[in-house]
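Notes follow the structure.
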Amino acid sequence: MKDLEVLTAKQLKPSRLYKSVRTHWTVAVSDFARLTHNPIRAIVEGLKIVPNPDKQLIALSIGDPTTFGNLKPAPEIVDAIRKVIEDGCSNGYGPSTGFPEARQAVADYVSHQGEVTANDVILCSGCSCALDLCLSVLAGPGQNILIPKPGFSIYRTLAEGFGIECRYYDLIPENDWEVDLLQLESLIDANTAALILTNPSNPCGSVFSKNHLEAILEIAERYFLPIIADEIYEHFVFPGREFHSVSSLSKKVPVLSCGGLTKRFLVPGWRMGWIIIHDREDIFRNVRKGLANLSARILGANTLVQAALPDVLKNTPPAFYEDLVSTLYRHAEMAYKAIKHIRGLRPVMPGGAMYMMIGIDIECFPEFETDLEFVQALVAQQSVFCLPGQCFEYPNYVRIVLTVPEEMIIEACKRLDEFCEKHYKRDDAIIEEQNGLLGGMNRF
Ligand SMILES: *Cc1c(COP(=O)(O)O)cnc(C)c1O
């Protein structure tokens, strides 16, 4: 009787007899997870960051405007979310692309981008999630995307997991970080799925002019290339500059514009972002459906924030935005003026956003071979931490954030000055050589 039972069990599980199956526990990680990584984390974790114990650390590295408590969301936003929580009517699931009222509120808020209806809006869990959906709807393994260099690292993090190749187009610091258009064009081939534009830029703080955006659009139109516009810093522009969303200038090129509450409303942790679909010629018909499909993977954005959105976007007073931008502008000017005079450093004055890039004449600091070594020594001696340019694929630069309190910027600039004075060495041989060359040229 017992033998018969064993036989039956075997007959019921032929897989064990005919197929090769696992014989012990080995759980592999997917290629998707293995290929996904954040270069900033990898670089920063590899650094030796040991501050000078006699000096308080000043972190100019963190792209979160709420870190130091000097910048706070408007009371109107806080009231809006409080009301929603107390009402208790927004605790359930919403539609995966967002509540119609919230999508309509965003459509009204972004009306400067072009004609937008609630149907053109997809709410996401932060702008990063918006970028994730845009990339995954437009590109797949074997395809490539064009991303700015220097550029925000999340594009690479998102693309590489999917097996999408990143091709970097150059931004030129001497030209206010405009795109090297010829080099951009040289990267495009039949497998290029999209062009990513970050305007205003993290890490450069640059703002593209209308003419420049039109020149970029001309290339996108010629090569039938859709644009993913990361416009999370829209309206963050300093006096004398104007923000143009690329979609407002496009005649034909379809654009997915990504934005959100994160930076302008000073609530990164609320995770509210959006995609605006700009498509005059119905080129994105399938992409639109694809985005709706993809949004089902997360079952929609946070419903409390969605329910508060109409009030947040309508009630935040213009003075709140204006104060934020003028604070950032003041900080930018202060840092620029102080750093401009430091030997061996070349700050690039930003036109917007909340960052400044500073070039390092690394050959004038013979003790350091790379921006990484420069940054490590700066932390060890002066307790000032800036992100090395390598985090943005851009060596021999550092990025500082302008959201830290004024007195910290002043103190950090003083310490930077002291540090550079101590380590700056100009090779006299190089100077003599240059003089000799000049003398030679003067004879003609
Ligand atoms: C901060 C930032 C984001 C991410 O925003 P979240 O809403 O926090 O996901 C996207 N793009 C750029 C350029 C950023 O600086």
Side-chain angles (χ1 to χ4, degrees), residues 36 38-41 60-67 71 73 77 98 102 106 109-110 121-136 145-159 166 168-169 171 177 179 194-208 227-237 243 245-246 255-276 295 298 300-302 305-306 309 312-313 324-325 328 350-357 387 391-394 399-403:
T36 300
N38 180 338
I40 296 191
R41 194 154 291 172
L60 301 179
S61 54
I62 311 165
D64 177 341
T66 70
T67 307
L71 302 175
I77 309 181
V106 173
Y109 174 73
V110 301
V121 177
I122 292 182
L123 299 182
C124 300
S125 183
C127 182
S128 318
C129 175
L131 290 164
D132 187 14
L133 298 196
C134 291
L135 267 177
S136 46
I145 52 161
L146 309 181
I147 62 184
K149 179 173 129 180
F152 188 46
S153 62
I154 195 157
Y155 315 128
R156 187 175 149 194
T157 303
L158 295 172
C166 294
Y168 297 93
Y169 62 85
L171 306 180
W177 299 106
V179 177
L195 164 64
I196 297 190
L197 279 187
T198 320
N199 181 45
S201 160
N202 173 8
C204 305
S206 50
V207 182
F208 290 148
I227 291 179
I228 300 173
D230 184 345
E231 295 180 336
I232 187 80
Y233 296 103
E234 65 174 354
H235 310 301
F236 273 77
V237 293
F243 169 74
S245 81
V246 68
V255 176
L256 298 176
S257 171
C258 299
L261 293 185
T262 297
K263 305 284 177 16
R264 197 171 191 220
F265 295 82
L266 300 172
V267 286
W270 288 16
R271 312 309 300 136
M272 175 51 67
W274 48 73
I275 302 168
I276 315 296
S295 69
I298 56 159
N302 182 310
V305 188
Q306 283 194 52
L309 259 185
V312 167
L313 297 177
L324 177 58
V325 170
L328 293 170
M354 42 186 239
Y355 311 94
M356 183 160 74
M357 287 287 268
L387 272 194
C391 295
F392 310 100
E393 312 284 337
Y394 215 65
R399 184 198 77 174
I400 64 168
V401 303
L402 301 169
T403 50

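Remember, it's 1-based here, ligands and their atoms both numbered in the order they're listed.
Remark: ligand 1 atoms within the under-4.0 Å shell around heavy atoms of Ile232 are 11 (N), 12 (C), 13 (C), 14 (C). In the vicinity of Asn202, heavy-atom distances shorter than 4.0 Å reach the ligand 1 atoms 13 (C), 14 (C), 15 (O). Contact atoms of ligand 1 toward Asp230: 10 (C), 11 (N), 12 (C), 13 (C) (distance under 4.0 Å to a heavy atom of the residue). Close contacts of ligand 1 with Gly126, meaning ligand atoms under 4.0 Å from a residue heavy atom, involve 7 (O), 9 (O).
For ligand 1, the polar-atom distance check finds an N/O of Tyr233 within less than 3.5 Å of one of the ligand's N/O atoms. Here's the thing with Cys127: one of its N/O atoms is less than 3.5 angstrom from an N/O atom of ligand 1.
The distance between the ring centers of Tyr233 and Tyr355 falls below 6.0 angstrom. Residues Trp177 and Tyr394 bring their aromatic ring centres within 6.0 Å.
Of the listed residues (Lys149, Arg399, Arg156), just one forms a salt bridge (Lys or Arg N to Asp or Glu O under 4.0 Å) with Glu393, and that residue is Arg156.
Between the side chains of Tyr155 and Asp230, a donor-acceptor pair is found at a separation under 3.5 Å.
Of all protein heavy atoms, the one closest to atom 10 (C) of ligand 1 is Phe152 CE2, 3.5 Å.
At a 4.0 Å heavy-atom cut-off, ligand 1 touches Lys263 through the side chain alone.
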